[in-house]
**Q** 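Encoded as structure tokens, here's the structure I'll be asking about.
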Protein chains: 2
Amino acid sequence: MVMVRKAHHIKELTKRQKEVLDFIREMVESRGLPPTIREIGEKFKIASTNGVRAILTALGKKGYIRRQPLVSRGIELVKKTTFDFGQRRAYVAVPLVGKIAAGLPTLAVENIEGSIAVDKSFLPGGDVFSLRVVGDSMKDSGIFDGDYVLARMQSTAEKGDIVVAVIGEEATVKTYIPQKNRVRLEPANPAFQPIVVDTRFSDFRIAGKVIGLLRRM
Amino acid sequence: MVMVRKAHHIKELTKRQKEVLDFIREMVESRGLPPTIREIGEKFKIASTNGVRAILTALGKKGYIRRQPLVSRGIELVKKTTFDFGQRRAYVAVPLVGKIAAGLPTLAVENIEGSIAVDKSFLPGGDVFSLRVVGDSMKDSGIFDGDYVLARMQSTAEKGDIVVAVIGEEATVKTYIPQKNRVRLEPANPAFQPIVVDTRFSDFRIAGKVIGLLRRM
DNA sequence: GATTGTAGTGAACGGATGAGCAGTAAAAAA
DNA sequence: TTTTTTACTGCTCATCCGTTCACTACAATC
């Protein structure tokens, strides 16, 4: 192998190492799983697992991968491909929900219309979904018609939380105020009336708590 | 949770199935690897691999996962709540500006405090920056204290546009209303007074037009 | 009442897999 | 020149892991 003289930075990869690294990336992207040592060997016609091992060890030393010992497929990609600023995913693709199906505790796929990339710093833990707001009933809380609210999936809420509530087939965004055997859903606009539902008889549930908002202007 | 009678869709998950599915998601996100059957069993104190198998088979039938036979950790999440592959970069890193330096037509790097990932669909063409709003002067336009506005860099605006205006060292978000030799910057809150600047003598410029908004709640 | 789906126990089979040792060869670096 | 790094072959070992069979138990549906 003809090696051209290179400036010796510790982070430099050899041709072989880069090939293997690219293959790992490819596998992770296409299959969702890193390859096993033997799968790498097969791909590059390396007969011995120890041959691959040497390359992986080198990649580990140079900081491109992290290995989880004794774990099958335990290869973690550390540095991302071309310019990702070195950071870990700065965003998460949040599903955009169209209809919120009644009764389902989770999001039915049929109702996911798309996704919106949202900066991680805007997200708490847990599953987050987004919903397009229709109507001006929460105008005084700064939630306008056409806005997208971000909501964390949860089935309970505290008094005063702004929630995504589902009544029958309808999803609404309102302020949650629990009362005995009833729930009061308060709008933030004097032109609208509060909704009061009897929790004993009504098909009512909380889909999530509103934790953020996106607006196009 | 009291379960109301449900329409029996094939996609319904049992509590156990959802638990396992959530665990798999958790593992994929935190470790980058799906768990093995035995790892799942360990987590849920299921002694037999066959117990886990039954659950995985059910999840497979219902379309939540896809299994790669004979492959370790060969569990692929089909319906994802949070995920990021599929499309190529659906987002753009928008610079978050701290101070807007006077007189500079472009953003000085020194003043960039960070960046926020924003979905491409929220962005028009051109250079976009974001700015944290201080104060409630635009409350009635749904722009609250602490919100982040997205603005496209431009030095002119039309009557009625909400703009990021710079007067001296101060940056403000207001509605732009041009008048002869003067500019009126109108707040959207009766508690605040409009700002009128004389364009002939004042150190005034438009930094950009507000085209979006992000809020953490 | 019979069937189906769910949720397991327990044991066993065989291939998959990571780790490790001994040794080779060539290129690059010190 | 000597040493280190890279890139392997070939082999062994213990364990990991998915698969499968037999069987139990419960609940809901048909």
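Heavy-atom basis, side chains included; hydrogens, waters and symmetry copies ignored. Each chain gets a letter, A, B and so on, in the order its sequence line appears, and its residues count up from 1.
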**Q** Going by side-chain hydrogen bond (donor to acceptor under 3.5 Å, both in side chains), name the pairs with one or both residues in residues 208-217 of chain A, residues two or more places apart or in two chains.
**A**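 Sorted pair list: A/Asp147-A/Arg215, A/Tyr148-A/Arg216, A/Arg216-B/Ser121.
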**Q** Could you tell me which residues satisfy salt bridge (charged side-chain N to carboxylate O under 4.0 Å, His left out) with A/Arg184, sequence neighbours excluded, listed by chain and number?
**A**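 Residues passing salt bridge (charged side-chain N to carboxylate O under 4.0 Å, His left out) with A/Arg184: A/Glu186.
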**Q** What is the distance from CG of B/Leu59 to P of C/dT6, rounded to the nearest Å?
**A**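 Value for this atom pair: 10 Å.
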**Q** When you measure from the side-chain N and O atoms of A/Gln17 to the phosphate of D/dA7, is any distance below 4.0 Å, counting only OP1 and OP2?
**A**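 Indeed, a polar side-chain atom of A/Gln17 lies that close.
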**Q** Which comes earlier along DNA chain C counting from the 5' end, the contact point of B/Val71 or that of B/Ala58, where each point is its nearest nucleotide?
**A**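 Result of the comparison: B/Ala58.
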**Q** Please enumerate all residues that pass side chain to side chain donor-acceptor pair (under 3.5 Å) together with A/Arg67, with sequence neighbours excluded.
**A**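 Side chain to side chain donor-acceptor pair (under 3.5 Å) check on A/Arg67 returns nothing, list empty.
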**Q** For the pair A/Asp161 (side chain) and A/Val163 (backbone), establish whether a donor and an acceptor sit closer than 3.5 Å, ignoring hydrogens and angles.
**A**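 The answer is no, because no donor-acceptor pair under 3.5 Å joins these two groups.
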**Q** Using the side chain to side chain donor-acceptor pair (under 3.5 Å) criterion, which residues pair with A/Lys18? Sequence neighbours excluded.
**A**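 Testing A/Lys18 for side chain to side chain donor-acceptor pair (under 3.5 Å), a comparison that skips the adjacent residues, returns A/Asp22.
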**Q** Quick one: A/Leu70 CG to C/dA16 P, roughly how many Å, whole number?
**A**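 To the nearest whole Å, that distance equals 20 Å.
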**Q** Could I get a table of every N or O pair under 3.5 Å where one atom is in the protein and the other is in nucleotides 2-5 of chain D?
**A**
none

**Q** Nearest-Å distance, CD (B/Glu39) to P (D/dG18)?
**A**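 Atom CD in B/Glu39 sits about 8 Å away from atom P in D/dG18.
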**Q** Please determine whether a side-chain nitrogen or oxygen atom of B/Arg38 lies at a distance below 4.0 Å from atom OP1 or OP2 of D/dT15.
**A**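 For B/Arg38, the contact criterion (side-chain N or O under 4.0 Å from OP1 or OP2 of D/dT15) is not met.
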**Q** Which donor-acceptor pairs under 3.5 Å do side chains of residues 134-141 of chain A form with protein atoms, sequence neighbours excluded?
**A**
{"from": "A/Asp136", "atom 1": "OD1", "to": "A/Asp145", "atom 2": "N", "distance (Å)": "3.3"}
{"from": "A/Ser137", "atom 1": "OG", "to": "A/Lys174", "atom 2": "NZ", "distance (Å)": "3.2"}

**Q** Using only side-chain N and O atoms of B/Thr14, determine if any of them is under 4.0 Å from OP1 or OP2 of C/dG5.
**A**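 No, B/Thr14 has no side-chain N/O under 4.0 Å of OP1/OP2 on C/dG5.
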**Q** For A/Val52, which contact category applies under a 4.0 Å heavy-atom criterion: base, sugar-phosphate, or nothing?
**A**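 Nothing, no heavy atom under 4.0 Å.
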**Q** Let me know the distance between CZ of A/Arg73 and P of D/dC17, rounded to the nearest Å.
**A**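 Going from CZ in A/Arg73 over to P in D/dC17 covers 10 Å.
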**Q** Once the angle between the rings of A/Phe44 and A/Phe23 is folded into 0 to 90°, is it parallel (under 30°), tilted (30 to 60°) or perpendicular (over 60°)?
**A**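 Plane angle over 60°, so perpendicular.
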**Q** Measure the distance from CG on B/Leu33 to C1' on D/dC16 and round it to the nearest whole Å.
**A**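 Atom-to-atom, B/Leu33 to D/dC16, this comes out as 14 Å.
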**Q** Once you round it to whole Å, what is the distance between C1' of D/dC16 and CD1 of B/Ile75?
**A**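 In whole Å, D/dC16 C1' and B/Ile75 CD1 are 15 Å from each other.
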**Q** For residues 46-58 of chain B, dump all side-chain donor-acceptor pairs below 3.5 Å to protein atoms at least two apart in sequence or in another chain.
**A**
{"from": "B/Ser48", "atom 1": "OG", "to": "B/Asn50", "atom 2": "N", "distance (Å)": "3.0"}
{"from": "B/Thr57", "atom 1": "OG1", "to": "B/Arg53", "atom 2": "O", "distance (Å)": "2.7"}

**Q** Establish whether the base of C/dG18 is bridged to the side chain of A/Arg53 by a donor-acceptor pair shorter than 3.5 Å.
**A**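 Such a pair does not exist between side chain and base.
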**Q** Using atom CD1 of B/Ile40 as one end and atom C1' of C/dA7 as the other, report the distance to the nearest whole Å.
**A**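 One finds 14 Å between C1' of C/dA7 and CD1 of B/Ile40, rounded.
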**Q** For DNA chain D, determine which residues of residues 43-50 of chain B have any heavy atom closer than 4.0 angstrom to one of its atoms, and list them numerically.
**A**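 Only B/Thr49, B/Asn50 qualify.
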**Q** For a 4.5 angstrom cut-off between non-hydrogen side-chain atoms, does B/Ile65 reach B/Leu21?
**A**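 B/Ile65 reaches B/Leu21 side chain to side chain.
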**Q** How close or far is atom C1' of C/dC13 from atom CD1 of B/Ile37, stated in whole angstroms?
**A**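 It works out to 15 Å between those atoms.
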**Q** Apply side chain to side chain donor-acceptor pair (under 3.5 Å) to A/Glu39 and list each qualifying residue two or more places apart in sequence or on a separate chain.
**A**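 Testing A/Glu39 for side chain to side chain donor-acceptor pair (under 3.5 Å), a comparison that skips the adjacent residues, returns A/Arg31, A/Arg73.
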**Q** Looking at the side chain of B/Ser72, which of D/dT19, C/dG8, C/dT17 is the nearest nucleotide?
**A**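 Nearest nucleotide to the side chain: C/dT17.
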**Q** Using a 4.0 Å heavy-atom cut-off, does B/Arg16 contact any base of the nucleic acid, only the sugar-phosphate backbone, or nothing at all?
**A**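 Sugar-phosphate, backbone atoms only, no base.
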